[in-house]
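Take a look at the structure set out below.
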Amino acid sequence: MDHITVTSIMNVMKEFLPPHTSIAVADPEKFIYYKPSKLVDLRIRPGEPYKKGSGAAKAIAEKHEISEYIDSDVYGIPYYAVSVPLFNGAHVVGAVTTIFPAKPSPIAANFFTVKAEDCWYPVSYENVVYLEAENRKTKVQAVGGEGYHKMSLTELEFMLPSELFIRVHRSYIVNVSHIQEIQPDSHSTFLLVMKDETKIPVSQTYSSSFRKALNY
């Protein structure tokens, strides 16, 4: 894939991403495209090899999507990476990485606000059961009702307190205090039965971090 093609594709992708998102594209050995945002700039230069421990390196080596914090030891500042490997048949030929700030300002001390119909409602963190990606917004299922937040699931993920919330699937974040049971499941690694009886899958991508977070 030549530089002009990559640049054209990335210019289209930017329309579907939050404005503070940096984007990097790598082939099996080096970066071939990088566009920083105003909030986070890793100072990557196209043509330089990606560093060990980076989002691109992990996605290419592990051959699946990774979504995690990357320590400041890699590029000098911490960041949150969502890296997706690119395949040609069974072979990994690169990765696309979206890069977010690791330490944004919190939404609020103990709550955030969702929209339901034509009104807005503050919802405390402890009453949120789970969050679900839906049409470039986030559905917030809370005790007693549901609403929508304008931010994406990925944006909210690093703003919510990690002691309560954990990503379990590309489409779901759950409040661990609302988990009733953890069941084995043939279609995903685990199946969570929430206290409101909703069933939420834990995908293979997030199974390791989920088990580590819940210490089992």
Side-chain angles (χ1 to χ4, degrees), residues 12-23 37-40 55 64-70 79-84 96-180 182 188-207 209-210 213-214:
V12 173
M13 279 188 61
K14 286 191 298 183
E15 300 299 319
F16 298 94
L17 294 169
H20 63 259
T21 308
S22 300
I23 307 174
S37 71
K38 293 181 179 180
L39 295 184
V40 56
H64 63 73
E65 177 183 326
I66 69 100
S67 179
E68 61 183 68
Y69 286 107
I70 305 299
Y79 66 99
Y80 190 89
V82 179
S83 296
V84 181
V96 176
T97 303
T98 49
I99 299 159
F100 305 90
K103 295 182 179 180
S105 299
I107 298 174
N110 296 301
F111 69 92
F112 62 129
T113 304
V114 301
K115 185 176 182 179
E117 297 181 351
D118 293 323
C119 297
W120 287 264
Y121 303 91
V123 179
S124 65
Y125 288 160
E126 64 182 13
N127 286 332
V128 175
V129 180
Y130 65 89
L131 300 95
E132 180 181 3
E134 190 173 298
N135 297 326
R136 297 176 63 186
K137 295 182 180 180
T138 300
K139 184 177 85 170
V140 179
Q141 182 63 54
V143 175
E146 64 181 46
Y148 289 85
H149 199 283
K150 64 181 180 180
M151 289 187 178
S152 69
L153 200 66
T154 298
E155 288 178 286
L156 289 173
E157 180 180 5
F158 54 75
M159 292 185 175
L160 293 169
S162 58
E163 66 271 18
L164 281 181
F165 295 92
I166 183 169
R167 186 80 171 258
V168 298
H169 190 280
R170 65 185 302 173
S171 297
Y172 292 99
I173 293 174
V174 301
N175 184 334
V176 294
S177 66
H178 286 273
I179 297 174
Q180 181 169 285
I182 304 171
S188 61
T189 308
F190 305 107
L191 190 67
L192 305 180
V193 180
M194 309 303 288
K195 292 179 180 179
D196 67 353
E197 303 301 325
T198 302
K199 295 182 178 180
I200 296 176
V202 179
S203 68
Q204 185 175 5
T205 300
Y206 296 96
S207 62
S209 59
F210 177 77
L214 271 69

Once side-chain hydrogen bond (donor to acceptor under 3.5 Å, both in side chains) is applied, do any residues pair with [X], and if so which ones, sequence neighbours excluded?
X: T198; result: D196
X: Y148; result: E134
X: S124; result: N127
X: S67; result: Y80

Over 60° means perpendicular and under 30° means parallel, so classify the ring planes of F190 and F210, tilted if in between.
->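 Correct class here is tilted.
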In Å and rounded to the nearest 0.5 Å, what is the [atom1] to [atom2] distance from [X] to [Y]?
X: F165; Y: E163; atom1: CZ; atom2: CD; value: 9.0 Å
X: Y130; Y: M194; atom1: OH; atom2: CE; value: 8.5 Å
X: K139; Y: E146; atom1: NZ; atom2: CD; value: 4.5 Å
X: L153; Y: T138; atom1: CG; atom2: OG1; value: 5.0 Å
X: K115; Y: K137; atom1: NZ; atom2: NZ; value: 6.5 Å
X: I166; Y: L160; atom1: CD1; atom2: CG; value: 12.5 Å

Check: [X] side chain, [Y] main-chain N or O, donor-acceptor pair, under 3.5 Å:
X: S83; Y: I66; result: no
X: S22; Y: V40; result: yes
X: S171; Y: A133; result: no
X: K195; Y: V129; result: no

Residues two or more places apart in sequence or in another chain: which of them pass ring pair (Phe, Tyr, Trp, His ring centres under 6.0 Å) with Y172?
->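 Ring pair (Phe, Tyr, Trp, His ring centres under 6.0 Å) list for Y172, sorted by chain: H169.
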If we only count heavy atoms from C-beta on, is the I182 to L192 side-chain gap below 4.5 Å?
->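 Result yes, sub-4.5 Å side-chain heavy-atom pair found.
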Please report the closest heavy-atom contact between [X] and [Y], naming both atoms and the distance.
X: F111; Y: T113; answer: CE1-OG1, 4.3 Å
X: A81; Y: I70; answer: CB-CG1, 4.0 Å
X: G145; Y: Q141; answer: O-NE2, 3.2 Å
X: S203; Y: T189; answer: C-OG1, 3.7 Å

Residue list, salt bridge (charged side-chain N to carboxylate O under 4.0 Å, His left out) with E65, at least two apart or on another chain =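 Salt bridge (charged side-chain N to carboxylate O under 4.0 Å, His left out) check on E65 returns nothing, list empty.
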Applying side-chain contact (heavy atoms from CB on, under 4.5 Å), name anything that partners K150, two or more places apart in sequence or on another chain.
->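 With neighbours one apart ignored, the set is empty.
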Mind checking what makes side-chain contact (heavy atoms from CB on, under 4.5 Å) contact with E117, not counting sequence neighbours?
->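 Per chain and number, E117 pairs via side-chain contact (heavy atoms from CB on, under 4.5 Å) with no residue.
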